[in-house]
Amino acid sequence: MFSATYVTVGFIFMMASGLVFEVDKKWFPEGLKRAIVLTAVLCGIYVFAAGVHLLGGWEERVAGMSEATSGSGGRRGGFVVLFIRFLPFALMGFSAYALFYLRYPVIRMMKGGKV
């Protein structure tokens, strides 16, 4: 349902969009800032939904597997499994932080002011 490419691009854009508001505001025209804010909000919602989907659809594939059938000779790739297990929480946490960070530009846009 959620493409890994879209989630990756959405995550990178969502995190990089914060830089627009950290640099000098004169560099970017108002229309471009509005487009960046709206795109970052949509990316944040998409990444959060992808995290919820991954959290709900997670199946531990190595739970019933023995060392003989795993094919790794006892090395199960513990860091990889740990990364995959906590990836949904990281996606949801970072996207919630980005949406929390972008609330003020969105509120200013809705009131008709400058971003």
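Hydrogens, waters and symmetry mates are skipped; everything else that's a heavy atom, side chains included, is used.
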TODO: Can you see which heavy atom on Ala40 is nearest to which on Phe13, and at what distance?
DONE: N-CE2, 3.7 Å
Task: Nearest non-hydrogen partners of Gly10 and Cys43, listed with the distance - done: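 Nearest heavy atoms, Gly10 then Cys43: O-CB, 3.6 Å.
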Open item on the list: Would you say Met14 ends up clustered with Tyr6 if hydrophobic residues are merged whenever their side chains have heavy atoms under 4.5 Å apart, either directly or through other cluster members?
Closed with: yes
TODO: Treating Ile, Leu, Val, Met, Phe, Trp and Tyr as nodes and any side-chain heavy-atom pair under 4.5 angstrom as an edge, say whether Met15 and Val9 lie in one connected cluster.
DONE: no
Task: Gap between atom CG of Leu54 and atom CZ of Phe86 - 0.5 Å precision - done: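 Phe86 atom CZ to Leu54 atom CG measures 14.5 Å (nearest 0.5 Å).
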- [ ] Measure the CG-NE2 distance between Leu91 and His53 for me, rounded to the nearest 0.5 Å.
- [x] 12.0 Å
Contacts under 3.5 angstrom, residues 99-107 side chains, donor-acceptor by atom type, not counting sequence neighbours:
residue, atom, partner, partner atom, Å
Tyr101, OH, Glu22, OE2, 2.3
Arg103, NH1, Phe100, O, 2.6

- [ ] Let me know which of Ile36, Val41, Val37 forms a side-chain contact (heavy atoms from CB on, under 4.5 Å) with Ser17.
- [x]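 Going through the options one by one, the only one that passes is Ile36.
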Task: Set of side chain to side chain contact (heavy atoms under 4.5 Å, CB included) partners for Leu42, sequence neighbours left out - done: none
Task: Partner residues of Ile12 under the side chain to side chain contact (heavy atoms under 4.5 Å, CB included) criterion, sequence neighbours left out - done: Thr8
Open item on the list: Among residues at least two apart in sequence or on other chains, which ones pass ring pair (Phe, Tyr, Trp, His ring centres under 6.0 Å) with Phe94?
Closed with: Phe11
Task: ring pair (Phe, Tyr, Trp, His ring centres under 6.0 Å) involving Tyr46 - partner list, sequence neighbours excluded - done: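 Per chain and number, Tyr46 pairs via ring pair (Phe, Tyr, Trp, His ring centres under 6.0 Å) with Phe2.
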